[in-house]
Amino acid sequence: IPFKASELATRPTLDSVEKKFQRNVEKRMPYKEGLKKRIEYVFSKYNSITKTTLVAELEKQGIALILRQNNQGMVYGATFIDHKNRSVFKGSDLGREYGTKALLDRISDMDRPKTYLKTNE
């Protein structure tokens with residue numbers, strides 16, 4: 001049975017949905033810097049990192065990384081889901097260094113964790 005969305009109790013008309021999206025964009029802004037710091041913390045632990053390790057390390061921080069691929073396997077988008085603060089950001093929304101191309105440039109074929117050796121002096 002077809003019905004109009006405006007007949008629903010919550011009135012999900014295009015105008016009300018657009019207003020809700022705008023309010024949500026403003027609500028998630030306080031979480032942006034904290035998310036970037038947690039992502040950078042993961043990168044700071046490695047000289048080079050693989051995609052698999054990056055995803056696993058971000059999961060430990062409560063962040064899911066979704067890399068969108070086309071049928072040919074080319075990655076064309078990155079989305080970060082912050083489960084701690086219940087917010088979602090496209091990589092490019094966080095900044096140029098978190099966009100798809102920049103992320104792929106930071107990912108390598110093998111993991112090399114940073115090591116800190118103590119001298120005996």
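From a predicted model like this one, the values you see are computed outputs, not experimental measurements.
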Decide yes or no for [X] and [Y]: does some side-chain heavy atom of the first lie under 4.5 Å from some side-chain heavy atom of the second?
X	Y	answer
Thr79	Phe89	no
Val75	Asn70	no
Leu35	Asn85	no

Do NZ/NE/NH1/NH2 and the carboxylate oxygens of [X] and [Y] come within less than 4.0 Å?
X	Y	result
Glu26	Arg23	no
Lys36	Glu33	yes
Asp82	Arg38	yes
Asp93	Arg28	yes

Using every non-hydrogen atom in the two residues, find where [X] and [Y] come nearest and quote the distance to one decimal.
X	Y	answer
Phe80	Gly91	CE1-CA, 3.9 Å
Ala78	Leu67	CB-CD2, 3.7 Å
Lys114	Ser44	CD-O, 3.1 Å
Ile66	Ile81	CG1-CD1, 4.0 Å

[X] [atom1]: over 12 foreign heavy atoms closer than 6.0 Å:
X	atom1	value
Asp105	CG	yes
Lys51	NZ	no
Lys27	NZ	no

Subject >> Euclidean distance, Asn24 CG relative to Lys19 NZ, rounded to 0.5 Å >> reply: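 Between atom NZ of Lys19 and atom CG of Asn24 there are 14.5 Å.
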Subject >> Atom pair OG1/CG of Thr50 and Asp109 - distance to nearest 0.5 Å >> reply: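 Atom-to-atom, Thr50:OG1 and Asp109:CG are 9.0 Å apart.
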Subject >> Donor-acceptor under 3.5 Å (Ser48 side chain, Asp111 main chain) >> reply: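 No, Ser48 side chain to Asp111 backbone: no donor-acceptor pair under 3.5 Å.
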Original post:
Are side-chain N/O atoms of Glu57 and Tyr46 paired as donor and acceptor at under 3.5 Å?
Top reply: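 Glu57 vs Tyr46: donor-acceptor pair found between side chains.
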**OP:** Under the side-chain contact (heavy atoms from CB on, under 4.5 Å) rule, what do Tyr98 and Glu40 come out as? Steps first, then yes or no, please.
**Re:** CA-CA 10 Å; Tyr98 303 101; Glu40 282 307 315; 2.9 Å; yes
**OP:** Identify which one of Leu103, Leu65, Leu94, Leu54 satisfies the side-chain contact (heavy atoms from CB on, under 4.5 Å) criterion when paired with Ile39.
**Re:**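 Option passing the side-chain contact (heavy atoms from CB on, under 4.5 Å) with Ile39: Leu94.
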Original post:
Do you reckon Val88 sits in the same ILVMFWY cluster as Val42, going by side-chain contacts under 4.5 Å, direct or chained?
Top reply: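 Val88 and Val42: separate clusters.
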